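Report on one structure; see the data block that follows.
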2 protein chains.
Amino acid sequence: MRPESRSMRDSILAAAVQLFAQYGYHAAPLRDIARIAGIQAASIYHHYPSKQALLVEIMETHMQRLNTSLEYILKETDDPLQRLHDAIANHIRLHTTYKAEFFIIDTEMRALEEEHRPYILGLRDKYEALLQELLLDGMERDVFRRSDVKIASYAMIAMCTEVATWFRPDGRLSVQQVITIYRQFITEGLLHTPEVVAHMPDGAGHLL
Amino acid sequence: MRPESRSMRDSILAAAVQLFAQYGYHAAPLRDIARIAGIQAASIYHHYPSKQALLVEIMETHMQRLNTSLEYILKETDDPLQRLHDAIANHIRLHTTYKAEFFIIDTEMRALEEEHRPYILGLRDKYEALLQELLLDGMERDVFRRSDVKIASYAMIAMCTEVATWFRPDGRLSVQQVITIYRQFITEGLLHTPEVVAHMPDGAGHLL
DNA sequence: GTCTATAAGAGGATAGAC
DNA sequence: GTCTATCCTCTTATAGAC
């Protein structure tokens with residue numbers, strides 16, 4: 001694609017991301033997307049075949065980004081706990097960096113026409129499978145408590161994904177702080193870790 | 001409201017719930033809602049002033065249901081851990097019983113017109129505040145580990161709410177099983193609880 | 001590559017008969 | 001309380017000039 005068209009193509013996509021996230025796919029008129037991009041509605045069709053194509057491209061790009069990064073973590077790291085930490089950080093970092101894009105993925109699946117839905121759902125299933133692989137491995141190696149792998153993956157994905165709903169770059173917490181808090185919640189839960197140290201003969205060896 | 005109209009009013013609302021959940025608010029035509037309810041589109045306006053009124057009524061009814069039940073738990077129960085268990089069970093039970101209704105609340109907030117949004121958001125904020133009250137109390141009484149109360153409430157709500165997305169009454173797990181798994185995940189996290197018992201002098205007193 | 005003009009249709013809502 | 005008929009607006013998408 002030549003440079004002069006590449007730029008307008010990106011502007012249109014950026015405008016679509018903004019309005020799809022703000023009003024939802026069906027409530028975002030193509031005219032408004034065009035206006036933000038600085039052209040007429042009809043001109044969009046020189047760059048994209050339909051409104052639906054904009055949605056598919058947004059979802060495809062970022063689901064692939066998510067999958068590629070998790071595949072990299074699984075390939076490069078062996079320790080289950082380190083893998084989990086990296087996966088949580090990766091998920092939250094991407095969902096705060098591409099906040100609007102992932103919010104669209106999370107809320108506009110229904111807006112996908114039959115033709116494209118299986119493909120995008122496949123990408124989402126792939127991510128779940130990768131995370132489940134991570135969790136199962138950690139359970140088999142006795143690092144994680146044995147529990148329902150599917151439910152654990154759903155719960156993790158749901159809570160880390162929702163960060164895209166409320167996170168504000170200028171808010172109370174930095175991305176790194178959010179990651180640290182979620183990491184501890186996911187690994188240790190809400191309850192106090194039992195005070196093991198007090199019962200041990202020599203009082204040595206803090207667990208944390 | 002008289003009985004003969006009450007029935008059609010409910011039929012219309014039930015049809016709206018079905019189609020709003022299936023296709024989304026903007027993609028669900030009033031004509032289709034009417035067809036499922038067994039009347040003509042124009043007849044809906046005898047029972048509701050607008051399409052928007054259907055959405056507001058669905059959201060209002062079930063957010064109030066959620067708030068009332070959590071308020072009851074906080075009033076009747078004092079023990080923080082028991083309160084947490086009850087709150088989780090209550091949230092998941094309501095979100096599986098009124099699956100479509102809560103799915104709409106979770107995905108169609110953007111479809112609310114300015115006039116009604118503050119009211120519904122207020123009900124949602126109220127629920128978050130109640131849960132945060134529960135969590136803060138548990139931390140101050142040293143039952144829960146001290147951590148960020150807001151984040152903990154967001155995480156809990158996100159993971160328990162998403163059950164409405166994938167739960168199937170005829171699926172692999174019963175509602176009670178889902179509740180038990182979530183409960184353990186939220187309280188204990190993914191990691192093994194340290195094997196305290198082995199280090200204790202008499203080996204007595206299982207923690208769980 | 002962008003424009004103007006417009007097709008073609010769907011949508012929410014209203015009027016007024018019965 | 002429900003119907004038929006219809007209004008009015010908005011929307012995606014296309015045709016063809018520049």
Side-chain angles (χ1 to χ4, degrees), chain A residues 1-59 104 108 110-117, chain B residues 1-59 104 107-117:
Chain A
M1 184 144 300
R2 294 190 303 284
E4 74 269 20
S5 64
R6 153 69 74 187
S7 173
M8 180 49 77
R9 206 185 129 83
D10 288 353
S11 296
I12 293 166
L13 200 68
V17 165
Q18 181 190 325
L19 292 189
F20 289 174
Q22 191 166 358
Y23 301 116
Y25 177 77
H26 291 292
L30 220 46
R31 281 173 175 77
D32 291 0
I33 294 170
R35 190 177 35 75
I36 292 176
I39 53 172
Q40 291 299 313
S43 305
I44 289 181
Y45 290 90
H46 178 74
H47 303 276
Y48 294 92
S50 66
K51 184 183 181 183
Q52 177 78 191
L54 289 164
L55 181 64
V56 172
E57 181 156 325
I58 292 165
M59 290 184 163
I104 292 166
E108 293 295 345
R110 284 176 301 185
L112 282 172
E113 290 162 15
E114 279 309 322
E115 190 186 346
H116 311 106
R117 189 177 294 131
Chain B
M1 185 142 300
R2 294 190 303 284
E4 74 268 20
S5 63
R6 153 67 73 187
S7 173
M8 179 50 76
R9 206 184 130 83
D10 288 352
S11 298
I12 293 166
L13 200 68
V17 165
Q18 181 190 324
L19 292 189
F20 289 174
Q22 190 167 358
Y23 302 115
Y25 176 78
H26 291 291
L30 218 48
R31 284 169 173 80
D32 290 1
I33 294 171
R35 190 176 35 76
I36 292 176
I39 54 172
Q40 292 298 314
S43 305
I44 288 181
Y45 290 89
H46 178 75
H47 302 276
Y48 295 92
S50 66
K51 185 183 181 183
Q52 178 79 192
L54 289 165
L55 181 64
V56 172
E57 182 156 325
I58 292 165
M59 290 184 163
I104 292 166
T107 55
E108 293 296 346
M109 278 290 170
R110 284 174 303 183
L112 283 172
E113 290 161 15
E114 279 310 321
E115 189 187 345
H116 311 105
R117 189 176 294 130

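Here the structure is a predicted model, which is why all the values come from computation and not from measurement. Labels below follow one simple rule: chain letters A, B, ... track the order of the sequence lines, proteins then strands, and each chain is numbered from 1.
Whole-Å rounding puts the B:Y48 OH to C:dG12 P distance at 16 Å. In this entry the distance linking NE2 of B:H46 with P of D:dT4 reads 17 Å, nearest Å. Atom C1' of nucleotide C:dT2 and atom CD1 of A:I12 are separated by 11 Å, given to the nearest angstrom. Rounded to an integer number of Å, the gap from CD of A:Q40 to C1' of C:dC3 is 7 Å. Note: CZ (B:R35) to P (D:dT2) measures 17 Å, nearest angstrom. Protein atom NE2 of B:H47 is 16 Å distant from nucleotide atom P of C:dA13, rounded to whole Å.
By the 4.5 Å heavy-atom criterion applied to side chains, B:I58 and B:E108 are not counted as neighbours. In this structure the side chain of A:L112 reaches within 4.5 angstrom of the side chain of A:M59, judged on heavy atoms. Considering only heavy atoms from C-beta on, A:K51 comes within 4.5 Å of A:Y25 through its side chain. Considering only heavy atoms from C-beta on, A:L54 comes within 4.5 Å of A:F20 through its side chain.
Contact annotation: A:S43 side-chain N/O to C:dC3 OP1/OP2 distance is under 4.0 Å.
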Legend entry - Nucleotide-resolved protein contact map, nucleotides 9-18 of chain D, B/S/- at heavy-atom distance under 4.0 Å: --BBBBB---
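Environment of OH in A:Y48: crowded, with over 12 heavy atoms of neighbouring residues, nucleotides or ligands closer than 6.0 Å.
Shown here are the side-chain contact (heavy atoms from CB on, under 4.5 Å) partners of A:Y45, two or more places apart in sequence or in another chain: A:L30.
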